[in-house]
Amino acid sequence: MTAYQLSPRVTLKPGDRFRVSGGPYYRLASGERVSMAARGTFVLLAVEHGRGGRVQLLAYGAGGYAVLHVAGRRRSRVPGLVARPYKIRRVTG
C-alpha cells in the first residue's frame with residue numbers, strides 16, 4: 001500500500017509533508033530519558049506494512065532519510081532503549 005491512514009479523514013500519500021513527535025528514547029540508570037528520535041518536518045516517500053500491524057514510513061527531512069516506526073509493536077535488543085512509535089501530524093500549506 002502506498003498511503004498511510006492517519007485518521008478517518010486524513011490520508012498521507014507520497015509527497016505529502018508531515019511533522020513528527022514522540023519516537024524512541026533511551027532510559028538511563030538514573031531514570032532520565034534521552035531522546036533518540038528524529039525531529040522536524042519530513043516528506044513521505046513510501047509506506048511499509050509489516051507483520052503484526054507494524055507500519056513504517058520512509059521519509060526525507062532536513063537531516064536526510066529516516067525510517068519512522070508509527071504503528072504496531074517493536075522490540076529493542078538494546079537494554080534501556082524504549083522503541084516508542086512516532087506521532088504524526090500532517091503539515092498543511
Side-chain angles (χ1 to χ4, degrees):
M1 181 172 275
T2 60
Y4 176 62
Q5 189 74 35
L6 193 57
S7 71
R9 294 175 41 185
V10 178
T11 301
L12 285 177
K13 294 175 258 174
D16 287 349
R17 294 179 48 197
F18 63 93
R19 180 174 297 278
V20 298
S21 62
Y25 62 88
Y26 185 79
R27 185 176 308 227
L28 300 174
S30 65
E32 182 182 352
R33 293 179 178 187
V34 177
S35 177
M36 305 295 287
R39 294 280 182 241
T41 302
F42 290 86
V43 175
L44 181 64
L45 300 175
V47 179
E48 177 186 294
H49 295 270
R51 289 194 284 180
R54 184 170 32 191
V55 179
Q56 296 179 348
L57 305 180
L58 174 60
Y60 184 78
Y65 292 95
V67 176
L68 307 169
H69 167 241
V70 294
R73 288 191 56 127
R74 192 179 91 177
R75 292 187 191 186
S76 172
R77 294 183 182 180
V78 178
L81 184 63
V82 179
R84 177 175 65 174
Y86 284 91
K87 295 177 186 173
I88 305 295
R89 288 185 6 197
R90 187 172 73 180
V91 174
T92 58

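Numbers here simply count residues along the sequence, with the first being 1. These figures come from a predicted structure and were not determined experimentally. These values consider heavy atoms only, across backbone and side chains, with no hydrogens, waters or symmetry-generated copies.
- With rounding to the nearest 0.5 Å, the separation of CZ in R89 from CG in L12 is 12.5 Å.
- To the nearest 0.5 Å, atoms OH (Y4) and CD (E48) are separated by 13.5 Å.
- The list of side chain to side chain donor-acceptor pair (under 3.5 Å) pairs with a residue in residues 36-46, not counting sequence neighbours, reads R19-T41, S35-R39.
- Residues forming a side-chain hydrogen bond (donor to acceptor under 3.5 Å, both in side chains) with R27 (at least two apart in sequence, or on another chain): Y25.
- Atoms NZ and CZ, from K13 and R90 in turn, are 8.0 Å apart once rounded to the nearest 0.5 Å.
- Residues A38 and F42 share a closest heavy-atom pair of CB-CZ, 3.7 Å.
- Summarising the geometry of G22 relative to A37, their closest heavy-atom pair is O-CB, 3.3 Å, with the distance given to 0.1 Å.
- Within the 4.5 Å cutoff, no side-chain heavy atoms of L6 are placed close to those of F18.
- Residues I88 and L57 meet the side-chain proximity criterion, which asks for heavy atoms closer than 4.5 Å.
- S30 pairs by the side-chain contact (heavy atoms from CB on, under 4.5 Å) definition with L28, E32, not counting sequence neighbours.
- Summarising the geometry of A71 relative to P85, their closest heavy-atom pair is N-CB, 4.4 Å, with the distance given to 0.1 Å.
- Nearest heavy atom pair, residue H69 against residue R54, reads CD2-CG, 3.9 Å.
- Linking ILVMFWY residues whenever their side-chain heavy atoms come closer than 4.5 Å, directly or via other members, places V20 and V55 in the same cluster.
- If you chain together ILVMFWY residues whose side-chain heavy atoms come under 4.5 Å of each other, L58 ends up grouped with L45, Y60, Y65, V67.
- Taking all atoms of both residues into account, the shortest heavy-atom contact from P14 to T2 is CD-O, 3.0 Å.
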